[in-house]
Amino acid sequence: MTRIALLATGGTIACRQTPQGLMPALSGKELLRGIPMSREAELVSRDVFSMDSSNIQPEEWAQLARAVDQAFTDCDGVVITHGTDTMGYTAAALSFMLLGQRKPVILTGSQLPLGAPLSDAETNLSCAIEAAMQGVPGTYVCFHRKLILGTRAVKTRTTSFDAFDSVNRSLSGMIDSEGVHFLRPQHIDRPYVLRASVDSRVFLLKLVPGTQPSVLDYVMQAGYRGLVIEAFGLGGLHYIRRNLVEKLRELRQRGILVLVVTQCMYEKADLSIYEVGNQLLSVDVISGRDMTTEAAVTKMMWVLGQTQDIEECRKLFYKTINHDMLFV
């Protein structure tokens, strides 16, 4: 019999109404009650924490990764119930922390609490458990009958049941009346080692026309070790009147890792095409190509958590690039 661990972390799926608004209240065991399941699965639950996902931060990612690693010892797969607002960040972070895993980790949640009229909670949780039972390795988000690779899941809608999209990669799978279909599972190309350490000192800057270079002084003064920039289009930024390039050069000289992605939801950054992008290449930044912002930020935190040597971090960033994981 397939043994599946349910790790509960709170989120809308576990919420109940209070005078202060919706708050997580249901345990993992309570979530499983009444869920129609195949007789071929044995379900065990563990409450890792109970939080609104807006409060889930890098410390919780590490705690959750260790809980998953522990569940791997006696379970065939793991389902994680999680709030939707930061699920994309957690899914990406776990993808790096559990790099090389040989068992499935499926994150799911809902737009309405379990038991609420018209709730999507029961369907999403049932589908996630059925997906985990297939034994396909990798980290995925299961939502609205879609399976999305953990490093590609982005919440794109606030109230629709179809809340998540797979950005710059086709769906990993889908669930229909004939069952679970893995169409494009994650490619595993390295041995599994739990690497749960992260460094949260990463700053995300979305450029707007007229962004002042002085904002980057704060990044240096506040002790950040990494900077992710959402640049324009293919990766451009301004250097006339407000010279961001020279300020970024100063950041790199001070040992701060800089990663550039595009503000566009779909397709890639390519710094080599326009002169404004080539200016960045001269500063020795990392091009995030078609990474989602969630994957870019969490990978930067993960890489910085592995070593204090910034140049080793830069090498590790490239060394652990997996075309299937990040840049499809």
K.L.:
Can you check whether Pro113's main-chain N or O pairs, donor with acceptor, with Ser119's side chain at less than 3.5 Å?
P.N.:
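At least one qualifying donor-acceptor pair exists.
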K.L.:
Can you find a pair of side-chain heavy atoms, one from Val154 and one from Met265, that are under 4.5 Å apart?
P.N.:
yes
K.L.:
Could you grab the distance from atom CG of Leu257 to atom OH of Tyr224, nearest 0.5 Å is fine?
P.N.:
15.5 Å
K.L.:
Could you give me the CA-CA distance, side-chain angles and deciding distance for Phe143 and Gln111, then say whether side chain to side chain contact (heavy atoms under 4.5 Å, CB included) is met?
P.N.:
CA-CA 10 Å; Phe143 216 90; Gln111 293 288 71; 4.1 Å; yes
K.L.:
Quickly, which of Arg314, Gln253, Arg249 forms a side chain to side chain donor-acceptor pair (under 3.5 Å) with Asp284? Name it, please.
P.N.:
Arg314
K.L.:
For Glu294 and Gly88, indicate whether the former's side chain and the latter's backbone hold a donor-acceptor pair under 3.5 Å.
P.N.:
no
K.L.:
State yes or no: do Leu194 and Val68 share one hydrophobic cluster built from I, L, V, M, F, W and Y residues joined by side-chain heavy-atom distances below 4.5 Å, directly or via other members?
P.N.:
yes
K.L.:
Going by heavy atoms in the side chains, are His238 and Val276 under 4.5 Å from each other?
P.N.:
no
K.L.:
Quick one, Thr262 with Leu234, criterion side chain to side chain contact (heavy atoms under 4.5 Å, CB included). Give me CA distance, side-chain angles, the key distance, then yes/no.
P.N.:
CA-CA 6 Å; Thr262 176; Leu234 284 165; over 6 Å; no
K.L.:
Please walk me through it: do Gln279 and Glu275 pass side-chain hydrogen bond (donor to acceptor under 3.5 Å, both in side chains)?
P.N.:
CA-CA 6 Å; Gln279 292 275 341; Glu275 182 259 352; 3.1 Å; yes
K.L.:
Rounded to the nearest 0.5 Å, how far apart are CD1 of Ile256 and CZ of Arg201?
P.N.:
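Nearest 0.5 Å value for the CD1-CZ distance: 10.5 Å.
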K.L.:
For a quick check under 3.5 Å, do Thr9 and His82 share a side-chain donor-acceptor pair by atom type?
P.N.:
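No, His82 and Thr9 have no side-chain donor paired with an acceptor closer than 3.5 Å.
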K.L.:
Between Arg3 and Asp74, is there a donor-acceptor pair closer than 3.5 Å when you use the side chain of the first and the backbone of the second?
P.N.:
yes
K.L.:
Output yes when a side-chain donor or acceptor of Thr73 lies under 3.5 Å from a complementary backbone atom of Gln70, and no otherwise.
P.N.:
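Looks like yes, one N/O pair under 3.5 Å.
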K.L.:
Minimum heavy-atom separation for Ile106 to Cys142, with atom names?
P.N.:
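That closest heavy-atom pairing would be CG2-CB, 3.5 Å.
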K.L.:
Do the side-chain N and O atoms of Asp309 and Thr307 include a donor-acceptor pair separated by under 3.5 angstrom?
P.N.:
no
K.L.:
Look at the side chain of Gln63 and the backbone N and O of Glu59, then say whether any donor-acceptor pair between them is shorter than 3.5 Å.
P.N.:
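Looks like no, no N/O pair under 3.5 Å.
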K.L.:
Could you check if a side-chain atom of Glu30 sits within less than 4.5 angstrom of a side-chain atom of Ser45, using non-hydrogen atoms only?
P.N.:
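Heavy-atom side-chain distance check fails, nothing below 4.5 Å.
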K.L.:
When rounded to the nearest 0.5 angstrom, what distance separates CD in Glu250 from CZ in Arg254?
P.N.:
5.0 Å
K.L.:
Looking only at atom types and distance, does a side-chain atom of Lys247 sit under 3.5 Å from a main-chain N or O of Leu216, one as donor and one as acceptor?
P.N.:
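Not at all, since once roles are kept as given, no pair shorter than 3.5 Å links the two residues.
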K.L.:
Would a single hydrophobic cluster contain both Leu112 and Phe164, if residues Ile, Leu, Val, Met, Phe, Trp and Tyr are joined by side-chain heavy-atom contacts under 4.5 Å?
P.N.:
no
K.L.:
Kindly say whether Gln308 contributes a backbone atom to a donor-acceptor pair with the side chain of Arg225 at under 3.5 angstrom?
P.N.:
yes
K.L.:
Go through the steps for Asp176 and Arg145 under the test salt bridge (charged side-chain N to carboxylate O under 4.0 Å, His left out), then give the verdict.
P.N.:
CA-CA 7 Å; Asp176 60 20; Arg145 299 187 181 273; over 6 Å; no
K.L.:
Write down the atom of Ala65, the atom of Leu98, and the distance for their closest heavy-atom approach.
P.N.:
O-CD2, 4.0 Å
K.L.:
Please examine the side chains of Leu248 and Leu237, heavy atoms only from C-beta on, and report whether any two atoms are closer than 4.5 Å.
P.N.:
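Result yes, sub-4.5 Å side-chain heavy-atom pair found.
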K.L.:
Please give me the minimum heavy-atom distance between Asp162 and Arg157, naming the atom from each residue.
P.N.:
O-NH1, 2.9 Å
K.L.:
Check Thr139 against Gln186 and note the closest heavy-atom contact, atom names and distance.
P.N.:
N-OE1, 3.3 Å
K.L.:
Keeping Ser160 on the side-chain end and Ala163 on the backbone end, is there a donor-acceptor pair under 3.5 Å?
P.N.:
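No, Ser160 side chain to Ala163 backbone: no donor-acceptor pair under 3.5 Å.
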K.L.:
Which atoms form the tightest heavy-atom contact between Leu259 and Ala296, and what is the distance?
P.N.:
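Heavy-atom minimum between the residues: CD2-CB, 3.6 Å.
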K.L.:
Transitively linked via ILVMFWY side-chain contacts under 4.5 Å: Val202 with Leu204?
P.N.:
yes
K.L.:
Please examine the side chains of Trp61 and Thr298, heavy atoms only from C-beta on, and report whether any two atoms are closer than 4.5 Å.
P.N.:
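Counting from C-beta outward, Thr298 and Trp61 do come under 4.5 Å.
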K.L.:
For residues Met291 and Ile273: do they belong to one hydrophobic cluster (side chain heavy atoms under 4.5 Å, members Ile, Leu, Val, Met, Phe, Trp, Tyr)?
P.N.:
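Each belongs to a different hydrophobic cluster.
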K.L.:
Could you verify whether a donor N or O on one side chain and an acceptor N or O on the other, from Asp69 and Tyr192, lie under 3.5 Å apart?
P.N.:
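Yes, Tyr192 and Asp69 have a side-chain donor paired with an acceptor closer than 3.5 Å.
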K.L.:
Atom CD of residue position Glu246 - does it have more than 12 heavy atoms of other residues, nucleotides or ligands inside 6.0 Å?
P.N.:
yes
K.L.:
So, Asp76 and Lys103, do they make that salt bridge, N to O below 4.0 Å?
P.N.:
no
K.L.:
Run the salt bridge (charged side-chain N to carboxylate O under 4.0 Å, His left out) check on Lys155 and Asp165 step by step: do they pass?
P.N.:
CA-CA 7 Å; Lys155 187 178 182 183; Asp165 284 331; over 6 Å; no
K.L.:
Tell me whether the count of non-hydrogen atoms from other residues, nucleotides or ligands lying under 6.0 Å of OH in Tyr274 goes above 12.
P.N.:
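No.
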K.L.:
Assess the residue pair Leu125 and Leu31 against the criterion (side chain to side chain contact (heavy atoms under 4.5 Å, CB included)); give the C-alpha distance rounded to whole Å, side-chain angles, the decisive distance to 0.1 Å, and a yes or no.
P.N.:
CA-CA 9 Å; Leu125 183 52; Leu31 289 174; 4.3 Å; yes
K.L.:
Measuring from Lys146:NZ to Leu171:CG, what's the distance to the nearest 0.5 Å?
P.N.:
6.0 Å
K.L.:
Just do the side chain to side chain contact (heavy atoms under 4.5 Å, CB included) check on Leu114 and Leu26 with the steps written out, would you?
P.N.:
CA-CA 9 Å; Leu114 182 69; Leu26 298 181; 4.2 Å; yes
K.L.:
Can you measure from CD1 (Ile148) to OG (Ser172) and round to the nearest 0.5 angstrom?
P.N.:
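So the gap between those two atoms works out to 8.0 Å.
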K.L.:
Is any side-chain heavy atom of Glu230 closer than 4.5 Å to one of Gln263?
P.N.:
yes
K.L.:
Is Met23 atom CE crowded by more than 12 heavy atoms from other residues, nucleotides or ligands, each under 6.0 Å away?
P.N.:
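Incorrect, the count does not exceed 12.
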K.L.:
Under the salt bridge (charged side-chain N to carboxylate O under 4.0 Å, His left out) criterion, do Arg169 and Asp290 qualify, and how do the steps go?
P.N.:
CA-CA 10 Å; Arg169 190 184 195 272; Asp290 68 352; over 6 Å; no
K.L.:
What's the spacing between Tyr239 OH and Leu280 CG if we round to 0.5 Å?
P.N.:
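The OH atom of Tyr239 sits 11.0 Å away from the CG atom of Leu280.
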K.L.:
Can Ser166 and Arg152 be counted as having a side-chain donor-acceptor contact under 3.5 angstrom?
P.N.:
no
K.L.:
Determine whether Leu7 and Phe49 make a side-chain contact, defined as any pair of heavy atoms from C-beta on separated by less than 4.5 Å.
P.N.:
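No, too far: nothing below the 4.5 Å cut-off.
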K.L.:
Are Ile56 and Ser53 close enough that some pair of their side-chain heavy atoms sits under 4.5 Å apart?
P.N.:
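Ile56 reaches Ser53 side chain to side chain.
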K.L.:
Assigning hydrophobic clusters by single linkage (Ile, Leu, Val, Met, Phe, Trp, Tyr; side-chain heavy-atom cutoff under 4.5 Å), is Met301 placed with Val260?
P.N.:
no
K.L.:
Do side-chain atoms of Thr292 reach the backbone of Ala295 as a donor and acceptor pair under 3.5 angstrom?
P.N.:
yes
K.L.:
Can you give me the closest heavy-atom contact between Ile129 and Leu32, atom names plus distance?
P.N.:
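Reported closest heavy-atom pair: CD1-CD2, 3.9 Å.
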K.L.:
Decide if atom CG of Leu118 counts as having more than 12 heavy atoms of other residues, nucleotides or ligands within a radius under 6.0 Å.
P.N.:
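Atom CG in Leu118 is not crowded, with 12 or fewer foreign heavy atoms closer than 6.0 Å.
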K.L.:
Okay, side chain of Thr211, backbone of Val208: is any donor-acceptor separation there less than 3.5 Å?
P.N.:
yes
